[in-house]
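Before any comments, here is the structure.
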Amino acid sequence: MSVTGMLTICTETGVARLARSLASAANPGEFLASIRDFHESQEETLQLEWNFGNSLPQLAYEQRGGNLLPGLEAENAVKVFEYLGDMKPVEASDYRLWTYLGCSTLFDYTSHRWPLDNQSWKGTVETRWIMRTGSRSQLVRHAIARLWWAAKLTHDPTMARPMAAEQQDPYAYLRVALSKEDRFLALFDRDTGMVPELRFAILEHLGKDPAFLKEGYVRELMKEVVLVAGYRELAAIDRAGLHSILDEISFRLVEAHEADRTELLV
């Protein structure tokens, strides 16, 4: 049941203020101080009436060996999606919304999931903390936006698709997509990832064999899919046809790398 409340977002000048603070900051501590000032002052923000699908989530970021614990990111995505609800594309592409969520409302997650602990910390802020446009490239990389969009693009609410029906989980495809960051970007940072039937077919294909979830295989598979999309209208092909194409690509990849199969499937 949705609950109506007020959602805070940045103004355009608020986003610009954070960008200026980043540009002038000599170190992470100086920039973090400007983040605290921005959050506490609540200046350059807007209040929007919003139909929340759930209460404000607590997102998890526990790691082991430098990696997020298995399954946590998918659960985070479900929480963000159900909190904000099923937005219209124009709403879900609003860089002011994601900047405020990343730098204020859900800052605890952002700062722990994408810490400023190396020399390229400014790049981390520009990619994961702040958004300057609503481009796809930024949406699939921003700490919070990527979670909502991952859930949106893989959600099967009626569980009519095979993986969701088999697991009785409307987020079954999401769990495959977000099981590793490189895999998520390989699929969604491309035009092919925006074709619904192709997107679900790829995730079903990857779910066939644990070896198919390896980074090397996903990377090579998506390269081949992009090449095929250059001369075939994949959006016009049905599910069976798409699986046939993916199986053909898979056969070629494994055959071509038979001598060094371990390199492909790692």
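All residue numbers refer to positions in the sequence shown, counting from 1.
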Does anything in residues 145-154 form a salt bridge (Lys or Arg N to Asp or Glu O under 4.0 Å)? List the pairs, not counting sequence neighbours. Glu73-Arg146, Asp86-Lys152, Arg146-Glu181
Side chain of Ser111, backbone of Asp108: donor and acceptor closer than 3.5 Å? yes
Quick one: list whatever passes side chain to side chain contact (heavy atoms under 4.5 Å, CB included) with Arg190, sequence neighbours left out. Thr192, Met222, Val226
Would you check if the side chain of Thr99 reaches a backbone N or O of Arg96 as a donor-acceptor pair within less than 3.5 Å? no
Identify the heavy atoms of Ala26 and Trp121 that sit nearest to each other, and give their distance. C-CZ2, 4.3 Å
Heavy-atom pair of closest approach, residues Thr124 and Pro115: CG2-O, 4.1 Å
Looking only at heavy atoms, which two atoms of Trp50 and Leu84 are closest? And how far apart? NE1-O, 3.0 Å
Once rounded to the nearest 0.5 Å, what's the spacing between atom CG of Leu206 and atom CG of Leu213? 6.0 Å
According to a hydrophobic-cluster definition based on side-chain heavy atoms being under 4.5 Å apart (Ile, Leu, Val, Met, Phe, Trp, Tyr only), do Ile202 and Leu227 belong together? no
Any side-chain heavy atom of Arg175 sitting closer than 4.5 Å to one from Glu75? yes
Is it true that a side-chain atom of Ser244 and a backbone atom of Ala240 form a donor plus acceptor pair closer than 3.5 Å? no
Can you tell me how far apart CG (Leu203) and OG1 (Thr154) are? Round to the nearest 0.5 Å. 7.0 Å
Using the six-membered ring wherever Trp is involved, compare the ring planes of Tyr171 and Phe81 and label them parallel, tilted or perpendicular (cut-offs 30° and 60°). perpendicular
Which distance, rounded to the nearest 0.5 Å, do you find between the CG of Leu116 and the CD1 of Ile35? 9.0 Å
Any chance you could measure Leu153, atom CG, to Phe184, atom CZ, to the nearest 0.5 Å? 7.5 Å
Check for me whether the distance between the ring centres of His205 and Phe212 falls short of 6.0 Å. yes
Of all residues at least two apart in sequence or in a different chain, which pass the side chain to side chain contact (heavy atoms under 4.5 Å, CB included) check with Ser120? Asn118
Rounded distance (nearest 0.5 Å) linking atom CD of Glu248 with atom NE2 of His243: 13.0 Å
State yes or no: do Tyr95 and Met87 share one hydrophobic cluster built from I, L, V, M, F, W and Y residues joined by side-chain heavy-atom distances below 4.5 Å, directly or via other members? yes
For the pair Asp247 and Lys208, evaluate salt bridge (Lys or Arg N to Asp or Glu O under 4.0 Å) and give the outcome as yes or no after the intermediate values. CA-CA 11 Å; Asp247 288 342; Lys208 286 182 179 180; 3.0 Å; yes
Within one Ile-Leu-Val-Met-Phe-Trp-Tyr cluster: Leu185 and Met194, side-chain cutoff 4.5 Å: yes
For Trp149, give me all partners under ring-ring contact (aromatic ring centres under 6.0 Å, His included), at least two apart in sequence or on another chain. none
Do you know which two heavy atoms are closest between Cys10 and Val15, and how far apart they sit? CB-CG2, 3.7 Å
I'd like to check the salt bridge (Lys or Arg N to Asp or Glu O under 4.0 Å) partners of Lys223; sequence neighbours left out, ordered by chain and number. Glu220
Main chain of Ala164, side chain of Gln167: is a donor-acceptor contact present, judged purely on distance under 3.5 Å? no
Over 12 foreign heavy atoms within 6.0 Å of CD, Glu62: yes
Just so I know, are the side chains of Asn76 and Arg113 near enough to count as touching, which here means a heavy-atom distance under 4.5 Å? no
Applying side chain to side chain contact (heavy atoms under 4.5 Å, CB included), can you list everything that pairs with Lys79, at least two apart in sequence or on another chain? Pro57, Leu59
I'd like to know if the side chain of Trp98 and the backbone of Ala92 have a donor-acceptor N/O pair within less than 3.5 Å. yes
Apply salt bridge (Lys or Arg N to Asp or Glu O under 4.0 Å) to Asp156 and list each qualifying residue two or more places apart in sequence or on a separate chain. none
Closest contact, heavy atoms only, Ala19 versus Ile130: N-CD1, 4.3 Å
Does Tyr83 have any ring-ring contact (aromatic ring centres under 6.0 Å, His included) partners at least two apart in sequence or in another chain, and if so, which? Phe52
Are any non-hydrogen side-chain atoms of Leu139 and Met131 less than 4.5 angstrom apart? yes
Indicate yes or no: at least one non-hydrogen side-chain atom of His142 is less than 4.5 angstrom from one of Arg128. no
Quick one: does any side-chain atom of Ser250 pair with a main-chain N or O of Leu246 as donor and acceptor, under 3.5 Å? no
With sequence neighbours excluded, tell me which residues meet salt bridge (Lys or Arg N to Asp or Glu O under 4.0 Å) with Arg161. Glu197
Hey, does Phe31 have a side-chain heavy atom less than 4.5 Å from the side chain of Lys122? no
I want to check something: taking the side chain as every heavy atom from C-beta on, are Tyr61 and Leu72 in contact at a cut-off of under 4.5 Å? no
Matching residue for Ser34 among Ser21, Cys103, Ser24 - test: side chain to side chain contact (heavy atoms under 4.5 Å, CB included): Ser21
With a 4.5 Å heavy-atom cut-off, do Val225 and Leu234 have their side chains touching? yes
When you look at CD of Glu30, are more than 12 heavy atoms from neighbouring residues, nucleotides or ligands closer to it than 6.0 Å? yes
Could you pull out all residues at least two apart from Thr133 that satisfy side chain to side chain contact (heavy atoms under 4.5 Å, CB included)? Ser135, Gln138
Going through the checks in order, is the salt bridge (Lys or Arg N to Asp or Glu O under 4.0 Å) test met by Arg219 and Glu215? CA-CA 6 Å; Arg219 182 176 59 249; Glu215 181 181 345; 3.7 Å; yes
Applying ring-ring contact (aromatic ring centres under 6.0 Å, His included), can you list everything that pairs with Phe200, at least two apart in sequence or on another chain? Tyr173
Rounded distance [0.5 Å steps], CG in Leu174 versus CG in Asp169: 8.5 Å
Apply side chain to side chain contact (heavy atoms under 4.5 Å, CB included) to Ile144 and Tyr100, showing your working. CA-CA 10 Å; Ile144 311 302; Tyr100 192 83; over 6 Å; no
Just do the side chain to side chain contact (heavy atoms under 4.5 Å, CB included) check on Phe38 and Glu43 with the steps written out, would you? CA-CA 7 Å; Phe38 179 81; Glu43 296 175 355; over 6 Å; no
Minimum heavy-atom separation for Leu97 to Glu91, with atom names? CD2-O, 3.8 Å
Qualifying residues under salt bridge (Lys or Arg N to Asp or Glu O under 4.0 Å), relative to Glu44, sequence neighbours excluded: Arg17
Are side-chain heavy atoms of Trp129 and Leu18 found at a separation under 4.5 Å? no
CZ (Arg232) with more than 12 external heavy atoms under 6.0 Å: no
Is Ser104 reaching over with its side chain to a backbone N or O of Leu101, donor-acceptor style, under 3.5 angstrom? no
Hydrophobic cluster membership, with links at side-chain heavy-atom distances under 4.5 Å among I/L/V/M/F/W/Y: are Val176 and Leu68 in one? yes
